[in-house]
Amino acid sequence: SPGTALKTDVVVIGAGQAGLSAAYHLRQLGLAPGRGYVVLDASAAPGGAWQHRWPTLTLSTVNRIHDLPGLAFEQALNEGPVETEAPDVLPATRVQARVAVPRYFRAYEQQFRLPVYRPVKVNLVTSRGSRLRIETDRGAFSARGVINATGTWDTPYVPVYPGADRFQGRQLHTHDYVGADEFAGQHVVVVGGGISAIQLLDEISRVSSTTWVTRRPPVFRNLPFGDAAGRQAVEAVEDRVRRGLTPTSVVGVTGLPLTPAVEEMRARGVLERLPMFDEITGHGVRWNTGVEVHADAILWCTGFRSSLDHLAPLALREPEGGVVMTGRLATQVEKDPRIHLVGYGPSASTIGANRAGRAAASELLKLLQLP
Ligand code: FAD
């Protein structure tokens with residue numbers, strides 16, 4: 001009923017890689033499920049954002065999915081409680097990420113008996129003295145700490161260009177992409193210089209003509225992206241969030257791998273990239289040079305922002321738009337140390353989410369002197 005809130009010590013918001021890692025470590029550190037911690041997840045089923053990825057994203061086209069702590073991906077799929085529904089001898093090129101990863105997460109939640117409640121969407125988190133009130137679409141919770149792991153998938157980002165409202169074709173974002181077939185025979189303008197843009201451009205250019213536009217000339221790398229370079233990329237994002245700046249993507253800074261698929265796209269001529277257009281017209285896009293390209297659809301592969309709106313009442317954001325982060329792995333909010341953000345900024349990758357979940361769980365329990 002309105003007003004009464006279920007009491008627990010820690011609420012984890014979101015059950016993607018970051019939320020599950022945090023929950024695992026809360027459990028390992030001795031918090032009791034329910035009274036000690038709960039996980040609230042807006043999605044109807046396990047899998048975090050992976051369950052919503054486009055059907056053609058397979059285990060061979062993702063960068064790499066790191067195992068959650070305590071249970072290997074392979075082991076979960078082959079021996080876990082979901083054995084009967086897992087025909088996992090398929091080659092990685094055919095296993096959909098949106099099927100395999102959710103299956104793994106389901107097995108993981110079961111194996112560690114994590115108290116995940118779903119679908120429960122957190123609408124608002126407010127401060128009530130020493131406690132936090134977590135308002136959801138299914139009632140309220142009262143907690144002493146929050147580990148926020150809501151990811152980015154629900155907040156697709158589309159930059160503003162003049163004329164966008166005039167366009168009579170279809171505009172969609174990576175978030176809405178379900179496959180190339182619906183563009184057959186059309187002309188599609190693909191916007192964005194990241195891995196998603198390349199993958200979708202590859203697929204769409206097989207059934208339709210395309211124009212590829214990016215803000216900066218894309219840089220392809222043919223050497224494997226080394227550990228040192230990866231660390232450097234993560235450190236740069238960590239430095240930003242410690243200063244309260246908005247995070248940039250860590251998955252994005254690794255550059256574009258020069259794969260056989262990319263070589264083949266180049267040979268087909270679909271990687272002839274143009275700079276960003278200056279305006280959108282009723283039927284296409286236009287550059288200030290006067291050049292205009294007709295488009296039936298504009299596909300914005302322009303990334304995502306952190307889904308943090310429900311934390312707005314806590315006024316954590318700086319004028320620069322970011323949140324000043326502190327703590328060992330920069331998961332703790334400086335303004336309100338009872339709040340941790342995991343899967344945010346430097347930890348927005350599967351490996352980062354794992355580590356952040358661990359750091360957040362141990363730092364938060366120390367702060368709250370739990371269990
Ligand atoms: P998510 O998996 O997005 O989970 C967030 C969960 O929170 C969801 O279940 C959602 O329903 C829930 N939620 C959101 N808002 C609320 C709310 N208000 N109340 C309750 N619940 C809520 N990383 C890699 O390391 N390797 C890769 O190959 C890779 N490929 C990627 C490909 C794509 C297309 C994208 C978009 C990202 C990729 N990443 C990759 C990044 C990686 O997926 C994430 O950083 C990582 O999985 C961590 O996810 P997360 O737990 O932060 O969030």
Side-chain angles (χ1 to χ4, degrees), residues 11-23 38-68 73 92 97-98 100-102 104-106 109 116-125 134-138 141 146-157 173-175 177 192 194-200 225 230 233-234 237 247 249-254 257 301-312 331 340-357 360:
V11 167
V12 178
I13 311 176
Q17 187 108 5
L20 291 185
S21 169
V38 297
V39 184
L40 309 178
D41 188 36
S43 292
W50 290 103
Q51 66 197 289
H52 308 298
R53 306 278 202 244
W54 55 94
T56 46
L57 187 73
T58 64
L59 291 188
S60 66
T61 50
V62 297
N63 286 340
R64 178 166 172 208
I65 298 168
H66 285 264
D67 289 347
L68 280 160
F73 190 71
R98 70 168 186 176
V101 182
Y104 171 46
F105 282 17
R106 179 185 301 274
E109 291 176 9
V116 183
Y117 297 93
R118 63 165 62 89
V120 179
K121 183 173 190 306
V122 173
N123 294 322
L124 286 177
V125 179
I134 297 99
E135 307 270 358
T136 82
D137 56 358
R138 309 265 298 268
F141 290 78
V146 162
I147 299 182
N148 190 80
T150 46
T152 61
W153 186 256
D154 299 313
T155 318
Y157 169 72
H173 185 274
T174 318
H175 178 272
Y177 178 80
I195 296 176
S196 309
I198 297 279
Q199 283 184 7
L200 303 195
F225 192 76
V234 172
V237 181
S249 160
V250 284
V251 179
V253 291
T254 50
C301 300
T302 38
F304 296 82
R305 297 290 183 263
S306 309
S307 305
L308 298 179
D309 285 356
H310 53 289
L311 302 181
T331 61
H340 278 258
L341 307 183
V342 293
Y344 173 81
S347 64
S349 68
T350 53
I351 190 165
N354 278 356
R355 293 176 179 154

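Order of listing sets the numbers, starting from 1, for every ligand and every atom in it.
Atom CD of Gln199 is separated from atom SG of Cys301 by 10.0 Å, given to the nearest 0.5 angstrom. How far CG of Leu311 is from CG of Asn148: 4.5 Å, rounded to the nearest 0.5 Å. Within the model, atoms OG1 of Thr152 and CZ of Arg305 stand 10.0 Å from one another, a figure rounded to the nearest 0.5 Å. Distance check: Glu135 CD to His310 NE2 gives 13.0 Å after rounding to the nearest 0.5 Å. To the nearest 0.5 Å, atom OH of residue Tyr157 and atom OG1 of residue Thr174 are 13.0 Å apart. Distance check, rounded to the nearest 0.5 Å: CG of Leu341 to OG1 of Thr150 gives 8.0 Å.
Taking distance alone, with nitrogen or oxygen atoms compared against 3.5 Å, Ala348 approaches ligand 1 more closely than that limit. Checked against a 3.5 angstrom limit, the closest N/O atoms of Arg64 and ligand 1 fall inside it. Ligand 1 has no nitrogen or oxygen under 3.5 angstrom from a nitrogen or oxygen of Phe304. For ligand 1, none of its N or O atoms has an N or O atom of Trp153 under 3.5 Å away. At least one N or O atom of Ser349, backbone or side chain, sits closer than 3.5 Å to an N or O atom of ligand 1. The N/O atoms of Ala353, backbone and side chain alike, include none that comes under 3.5 Å of an N/O atom in ligand 1. The shortest N or O to N or O distance between Gln17 and ligand 1 is below 3.5 Å. For ligand 1, the polar-atom distance check against Val342 finds no nitrogen or oxygen pair separated by under 3.5 Å.
Of all the atoms in ligand 1, the ones that sit under 4.0 Å from a non-hydrogen atom of Ala18 are 51 (O), 52 (O). Of all atoms in ligand 1, numbered sequentially from 1 with element shown, those under 4.0 Å from a heavy atom of Trp54 are 34 (C). For ligand 1 and Ile13, the ligand atoms under 4.0 Å from any heavy atom of the residue are 19 (N), 20 (C). Close contacts of ligand 1 with Val62, meaning ligand atoms under 4.0 Å from a residue heavy atom, involve 28 (O). Every atom of ligand 1 is numbered from 1 in the order shown, and the set under 4.0 Å from a heavy atom of Gly16 is 2 (O), 4 (O), 6 (C), 51 (O).
The option from Gly48, Ala49, Ala149, Ala22 that lies nearest to atom 5 (C) of ligand 1, judged by heavy atoms, is Ala149. Closest heavy-atom approach to atom 35 (C) of ligand 1 among the candidates His66, Arg53, His52: Arg53. For atom 6 (C) of ligand 1, the nearest non-hydrogen atom from the set Leu57, Leu40, Asp41 comes from Asp41. Remark: among candidates Val120, Ile65, Thr150, the nearest residue to atom 20 (C) of ligand 1 is Val120, based on non-hydrogen atoms.
The minimum heavy-atom distance between Glu109 and Val116, with the atom names listed, is CD-CG2, 3.8 Å. The nearest pair of heavy atoms linking Arg138 to Pro119 is NH1-O, 3.0 Å. The two residues Pro346 and Val237 have their closest heavy-atom pair at N-CG1, 3.5 Å. When all heavy atoms are compared, the tightest approach of Ala356 to Val342 is O-CG1, 3.5 Å. Summarising the geometry of Leu20 relative to Ala15, their closest heavy-atom pair is CG-O, 3.8 Å, with the distance given to 0.1 Å.
The shortest separation from a heavy atom of Tyr344 to ligand 1 is not under 4.0 Å, leaving the residue out of contact.
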| request: Check the pair Trp54, Thr61 against side-chain contact (heavy atoms from CB on, under 4.5 Å), reporting the backbone distance first and the verdict last. | output: CA-CA 11 Å; Trp54 55 94; Thr61 50; over 6 Å; no

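Heavy atoms of Phe105 found under 4.0 angstrom from ligand 1: none, in either backbone or side chain.
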